[in-house]
Engineer: 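Right, I'll just put the structure down here and ask away after.
Atom set for the values below is all heavy atoms of this structure, side chains included, hydrogens, waters and symmetry mates excluded. In this text the structure is predicted, and so the values were computed from the model without any measurement.
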Amino acid sequence: MPIEQTPEGGLAMERRTIEVIPDAERHGTPLSQFTLWFGANMQITAIVDGALAVVFGADALWAIFALLIGNVLGGAVMALHSAQGPRLGVPQMISSRAQFGVYGAVLPLLLVILMYLGFAATGTVLAGQAVCEMLHIDNAKVGILIFGALTAVVAVTGYRLIHLAGRIATVVGVLGLGYLMIRLFTQYDVGAHVGEKGFDVATFLLAVGLGAGWQLTFGPYVADYSRYLPRTTSPRATFLSTFAGSVVGSQIAMTLGALTAAVAGKAFLPDQVGFLGDLAGPAFLAFLIYLVIVVGKLTVNCLNAYGGFMSILTIVTAFDGRSRISQAARAAYIIGFTAVSVVIAMAASADFLTNFKNFVLLLLMVFTPWSAINLVDYYLISRERVDIPALYDPNGRYGRWNVTALTCYVVGVVVQIPFLATKLYTGALTKKLDGADISWIVGLVVTSALYYLWARRSANPPAETIRPAEPQAGDTRTEAPVG
């Protein structure tokens with residue numbers, strides 16, 4: 001949750017939730033987006049994501065290049081979402097009501113919540129292992145519980161503390177991952193493990209998909225943090241800061257993962273966290289690397305917990321007509337969400353890497369159409385003009401359900417099925433492409449084209465952005481009716 005700053009300069013729990021952020025409470029510069037997303041990506045799960053490309057057959061050199069392509073393509077999409085934040089001042093999934101309707105936005109929101117839970121759980125597994133290594137605890141569940149409690153505390157406190165964690169994660173991530181990269185090249189003959197295999201279309205596209213999927217999953221909540229920037233903030237500056245932070249941070253981590261998987265082989269598979277600790281060398285340095293892992297995962301897990309809370313609240317308030325809730329209720333939502341993710345983490349399968357690959361590719365399948373609809377509508381059809389009060393009113397301009405967007409979304413998901421390449425299902429057309437998974441590309445193109453051609457005939461954007469009246473100074477009501 002974002003947090004407020006007290007007159008004395010300290011930190012207190014944030015008051016705002018899904019309502020519009022008033023101009024008087026806007027602050028910061030685009031640089032804050034760079035450090036937040038750089039720090040959120042310099043972490044163990046991104047390392048594992050990069051390793052997956054090599055584990056599942058790609059040569060490390062081709063994998064790194066493919067991951068870069070995926071990160072750039074997906075990063076551009078997520079940064080376009082971020083650029084909406086200062087302009088509108090509302091959470092990302094609230095703004096999606098302009099496309100799907102106040103009730104209709106619930107459908108993708110349910111999938112978003114599952115995404116947050118999945119990433120929070122997988123991150124908690126890895127961070128819990130690092131906690132156990134630091135404290136010399138044999139029971140992995142204890143480490144998971146400790147990390148879960150830490151996540152809940154930071155996420156409940158809020159926006160400024162999350163940004164602070166991001167800045168810390170940026171520094172320790174650069175130092176920690178930089179050190180591991182040096183150790184990797186000094187302890188292993190990395191050159192002998194790169195360029196061993198030729199170019200393979202299927203594994204190359206898998207790596208592109210892993211990079212793109214990683215970035216696209218930030219789309220549903222990236223504007224939750226840029227919405228606190230002043231309305232006069234340049235969209236271009238917001239885009240570039242978010243894009244650079246997310247792409248550079250993730251590419252560094254994924255490159256380390258791909259190279260580590262190449263030189264370690266099967267030794268990396270059963271214990272990714274332990275392998276990195278051993279790579280660090282002496283016990284004290286290993287302890288510091290485990291701390292780097294915990295700090296990096298804490299940043300992104302707080303984003304997941306915060307995003308999960310905001311998504312749940314967006315669903316609830318769509319039907320009960322509120323735009324704010326009490327701080328106690330907010331804390332209860334976040335603690336409940338974190339508790340569920342901890343339970344999932346404790347029950348996690350031992351086949352972690354395979355399941356995580358399928359999880360990322362599944363997310364790519366369901367979020368590519370959502371991003372396509374949101375961006376095409378905002379930038380090409382509505383041209384950045386939004387009736388913000390109507391986002392909270394089921395009887396307003398955007399209505400309860402938008403059949404056009406919902407139909408295009410379902411079509412965008414279904415059209416990908418023949419092109420999927422996962423452990424659970426391989427599409428008929430994928431087999432003809434020698435196993436290459438291009439499902440997300442098909443989904444992006446089809447959804448964008450279909451929605452643009454259909455929605456431009458029926459869309460009713462305002463002549464200019466309509467904003468709600470600014471609240472009076474000192475207005476700290478915790479609940480308010482909408483619409």
Engineer: Run L259 and Y188 through side-chain contact (heavy atoms from CB on, under 4.5 Å) and show every step you take.
Structural biologist: CA-CA 10 Å; L259 294 175; Y188 294 90; over 6 Å; no
Engineer: Yes or no on side-chain hydrogen bond (donor to acceptor under 3.5 Å, both in side chains) for S96 and Q92, after CA distance, side-chain angles and deciding distance?
Structural biologist: CA-CA 7 Å; S96 73; Q92 189 73 70; over 6 Å; no
Engineer: Please name the pair of heavy atoms, one in P369 and one in Y409, separated by the smallest distance, quoted to 0.1 Å.
Structural biologist: CB-CD1, 3.8 Å
Engineer: Does the side chain of D278 reach to within under 4.5 Å of the side chain of D271, using non-hydrogen atoms?
Structural biologist: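 D278 vs D271: side chains apart.
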Engineer: Measuring only between side-chain heavy atoms, which start at C-beta, is L110 closer than 4.5 Å to L114?
Structural biologist: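 Heavy-atom side-chain distance check fails, nothing below 4.5 Å.
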Engineer: Quick one: CD1 on I373 to CG on D377, what's the gap to the nearest 0.5 Å?
Structural biologist: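 The CD1 atom of I373 sits 9.0 Å away from the CG atom of D377.
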Engineer: Does any non-hydrogen side-chain atom of M346 lie less than 4.5 Å from one of T124?
Structural biologist: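 Contact flag for T124/M346 side chains = no.
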Engineer: Would a 4.5 Å heavy-atom cut-off, applied to side chains only, mark L229 and Q33 as touching?
Structural biologist: yes
Engineer: Measure the acute angle between the ring planes of F199 and F204, then classify it against the limits of 30° and 60° as parallel, tilted or perpendicular.
Structural biologist: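 Ring orientation of F199 relative to F204: tilted.
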Engineer: Of Y333, Y225, Y116, which meets ring-ring contact (aromatic ring centres under 6.0 Å, His included) against Y306?
Structural biologist: Y225
Engineer: Looking at CG of L206 and CG of L67, how far apart are the two atoms once the value is rounded to the nearest 0.5 Å?
Structural biologist: 9.0 Å
Engineer: What is the distance from atom CD of E25 to atom CZ of R227, rounded to the nearest 0.5 Å?
Structural biologist: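 Rounded to the nearest 0.5 Å, the CD-CZ separation comes to 10.5 Å.
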Engineer: Is any side-chain heavy atom of P30 closer than 4.5 Å to a side-chain heavy atom of L240?
Structural biologist: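 When only atoms from C-beta onward are counted, L240 and P30 do not touch, as no gap falls below 4.5 Å.
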Engineer: Return the NE2 to OH distance between H27 and Y228, rounded to the nearest 0.5 Å.
Structural biologist: 7.0 Å
Engineer: Quick one: which of Y378, W37, W370, Y221 gives a ring-ring contact (aromatic ring centres under 6.0 Å, His included) with H81?
Structural biologist: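 With H81 as partner, Y378, W37, W370, Y221 yield a single ring-ring contact (aromatic ring centres under 6.0 Å, His included), made by W370.
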Engineer: For R383 and L380, what are the C-alpha separation, side-chain angles and deciding distance, and is it a side-chain contact (heavy atoms from CB on, under 4.5 Å)?
Structural biologist: CA-CA 5 Å; R383 298 187 181 277; L380 300 182; 5.6 Å; no
Engineer: Within the 4.5 Å heavy-atom criterion, are V20 and L391 side-chain neighbours or not?
Structural biologist: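 Heavy-atom side-chain distance check fails, nothing below 4.5 Å.
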Engineer: What do you reckon, is CZ of F275 surrounded by more than 12 foreign heavy atoms closer than 6.0 Å?
Structural biologist: yes
Engineer: Could you pull out all residues at least two apart from F239 that satisfy ring-ring contact (aromatic ring centres under 6.0 Å, His included)?
Structural biologist: F243
Engineer: Do F38 and V248 come close enough that some side-chain heavy atom pair is under 4.5 Å?
Structural biologist: yes
